[in-house]
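Right, one structure below, let's go through it.
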Protein chains: 2
Amino acid sequence: MAQRKATAEAGKSKATKGAANDAAPKDRRRERGEASIQRIIDATIELIAEEGLASVTMQRIAEHVGSSNALVVFHFRSKENLFRAVLQYLSDQYDALWVTLVRAPGLSPVERVLGAVDCAQRFARLHPKWVSVFVVFSSDRKSMQIYNEIGLPSDLAYTAEARDLLIEIARDGGYTGVDIDTLAESLNYLVHGAWYWDHLNPSSRDTDVLRKTMLLLLHQAFPRHFELE
Amino acid sequence: MAQRKATAEAGKSKATKGAANDAAPKDRRRERGEASIQRIIDATIELIAEEGLASVTMQRIAEHVGSSNALVVFHFRSKENLFRAVLQYLSDQYDALWVTLVRAPGLSPVERVLGAVDCAQRFARLHPKWVSVFVVFSSDRKSMQIYNEIGLPSDLAYTAEARDLLIEIARDGGYTGVDIDTLAESLNYLVHGAWYWDHLNPSSRDTDVLRKTMLLLLHQAFPRHFELE
DNA sequence: TGACGACAATGGCGCAACGCAAAGCCACCG
DNA sequence: CGGTGGCTTTGCGTTGCGCCATTGTCGTCA
């Protein structure tokens, strides 16, 4: 579900008189502010991916953006809030890709499953740093709380959605004796394993192992619906 | 290779005059010291697994052990050194299990591969906290440097060893057209994916997905040598 | 058009936490 | 009984977060 676009509103709790103002105010100040917010988020992603959570401080983020640390505190009220916004942003990005590749209208269940495979692979190829941020966030127990709120529910939803598609394929294709749950969980393991391992050992990136193995498992389960390439 | 047993010696650079002293000195003080070292390592593992790297401090470790923080500094000269010792300890533990299950004399290549599967699964089941520590260490870029020195070489060696076993099986079994490299890499992905995912989402632990899927892939590649159970 | 108000952004400060080094204490070995 | 070695106490220096007063910038209303 392409949820909230709340990202930009993150830090502002000021009462703007509730007047409906979203439409008109072609305001250069507001534009500048939102641009700053995005630049801060981008810088944070960059820093986390490159140096890890531990060495990321407000002043370094500010330095990387080219502003003072107080600006960061101004837009996001605290460090934790900033991290929350970052994870929300990345989650939304993944969601957008998933919607495009999996939920596009007119696709067959088989095509949707292939779309899901594509989604995992493309995301990792296009934005390795984003994947790194996901991994970093979900490792440390403290930041993991944030991940549990924002990232994990989506993750579980994607796995469940894929599982439903597999069930549909099994039913319509007349397959019996296929252990759908194990298969879905395996695909999940593979995706996260690939992401984690690539983050850990970037040199081995960009081989086609993930895709090949997933197709192998799918072919093994539904030979008439998934061809090996 | 069951490398160094240097763990206990980690923090001491004091010149003990080079005199060979490893044998005799049945010294209660020394025993106490080594017990302290082990307790510190255990406490550190516990804390990292439960709270993450960020919130682990020297004083918390000391508090958890029931001593002053300076004791920790005394045994390991710095925080980084302590972490290095912890990772070394865990690495040695895994190595011991691997040697038992994979390199035991008299095993056939097939049994060795099954032993490797067992190894990954048992380690995660017996010591989930140890796995968590591995994951935590290899995520943050800073601690990752330590992991790259101590953990990663072993990891790569295990994968390579498994790959060699698969090659041997393929050769002796007369299999052709099996993509060994992809298979070995897939098993690697699965292991790390399972570890990472279980660390991330502990509630789903202890299903048999990892084993089932690995056996499925092995059966698919070498049907006469690996049976589905 | 000029003054006001909202909003973006700055620099600096206080407080707390942490790592680490120095010096002394005390048990135990020879 | 001298001294080695494990362990504690104390305190210093550094670093980071978050708040404050303030400045600069741009719409808006008289």
Side-chain angles (χ1 to χ4, degrees), chain A residues 8-19 21-40 43-44 47 51-84 142-143, chain B residues 8-17 19 21 23-40 43-44 47 51-84 142-143:
Chain A
E9 295 291 324
K12 315 177 188 174
S13 55
K14 318 215 169 179
T16 48
K17 270 184 281 157
N21 55 354
D22 279 353
K26 192 192 65 175
D27 192 335
R28 251 177 290 174
R29 289 176 302 181
R30 207 168 193 92
E31 287 173 19
R32 207 151 72 100
E34 286 174 10
S36 287
I37 289 180
Q38 191 56 48
R39 269 167 46 222
I40 291 173
T44 307
L47 278 177
E51 310 184 13
L53 262 190
S55 23
V56 169
T57 71
M58 299 295 248
Q59 13 277 73
R60 277 170 86 108
I61 294 172
E63 191 180 329
H64 205 265
V65 169
S67 70
S68 79
N69 62 337
L71 179 65
V72 183
V73 179
F74 172 75
H75 281 298
F76 311 85
R77 298 199 301 157
S78 68
K79 201 183 182 186
E80 176 172 334
N81 240 300
L82 167 60
F83 285 172
R84 211 175 288 273
K142 188 165 173 54
S143 53
Chain B
E9 296 289 325
K12 315 177 186 177
S13 56
K14 318 216 169 177
T16 47
K17 272 183 279 155
N21 56 355
K26 191 191 69 176
D27 192 336
R28 248 180 288 175
R29 286 178 302 184
R30 200 169 198 91
E31 288 172 19
R32 207 150 74 98
E34 287 173 10
S36 286
I37 289 180
Q38 192 55 48
R39 268 168 46 224
I40 291 173
T44 308
L47 278 177
E51 309 185 13
L53 262 190
S55 23
V56 169
T57 71
M58 300 293 247
Q59 13 275 60
R60 267 237 239 303
I61 295 172
E63 191 180 328
H64 206 266
V65 170
S67 70
S68 77
N69 63 334
L71 177 66
V72 183
V73 179
F74 172 77
H75 282 298
F76 311 86
R77 298 200 302 156
S78 68
K79 201 183 180 187
E80 176 172 334
N81 240 301
L82 167 60
F83 285 172
R84 211 177 289 273
K142 187 164 175 55
S143 53

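Just so it is clear: chains get the letters A, B, ... in the order the sequence lines come, proteins before strands, and each one is counted from 1.
- Closest approach of A:Ile40 and A:Thr44 over heavy atoms only: O-OG1, 2.7 Å.
- Atom C1' of nucleotide D:dT9 and atom CD of B:Glu63 are separated by 16 Å, given to the nearest angstrom.
- Straight-line distance from the CD atom of A:Gln38 to the P atom of C:dA8: 15 Å, rounded to whole Å.
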Between the protein and nucleotides 19-23 of chain C, which nitrogen or oxygen pairs come in under 3.5 angstrom?
unit_1 : atom_1 : unit_2  : atom_2 : d
C:dG19 : OP1    : B:Lys79 : NZ     : 2.9
C:dG19 : OP2    : B:Met58 : N      : 2.9
C:dG19 : OP2    : B:Gln59 : OE1    : 3.4
C:dC20 : OP2    : B:Lys79 : N      : 3.3
C:dC20 : N4     : B:Asn69 : ND2    : 3.0

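- Look at CG on B:Leu71: it is 5 Å from P on D:dC7, rounded to the nearest Å.
- Contacts of A:Arg60 classified as salt bridge (charged side-chain N to carboxylate O under 4.0 Å, His left out), with partners at least two apart in sequence or in another chain: A:Glu51.
- Atom CZ in A:Phe74 sits about 13 Å away from atom P in C:dA6, given to the nearest Å.
- Distance CD1/B:Ile61 to CG/B:Leu47: 6.5 Å, rounded to 0.5 Å.
- The two residues B:Val56 and B:Gly52 make their nearest non-hydrogen contact at CG2-O, 3.2 Å.
- Within a 6.0 Å radius of NZ in B:Lys79, other residues, nucleotides and ligands contribute more than 12 heavy atoms.
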Show the distances under 3.5 angstrom between N or O atoms of the protein and N or O atoms of nucleotides 22-26 of chain D.
unit_1 : atom_1 : unit_2  : atom_2 : d
D:dC26 : O2     : A:Arg29 : NH1    : 2.9

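- B:Gln38 has its side chain out of reach of B:Glu34: every pair of non-hydrogen atoms, C-beta onward, lies at least 4.5 Å apart.
- Between A:His75 and C:dC7 there is no side-chain N or O to OP1 or OP2 distance below 4.0 Å.
- Rounded to an integer number of Å, the gap from A:Arg60 CZ to D:dC17 C1' is 15 Å.
- Residues A:Ser143 and A:Leu53 have side chains in contact (heavy-atom distance under 4.5 Å, counting atoms from C-beta outward).
- The heavy-atom pair separating B:Leu82 from B:Val72 by the smallest distance is CD2-CG1, 3.9 Å.
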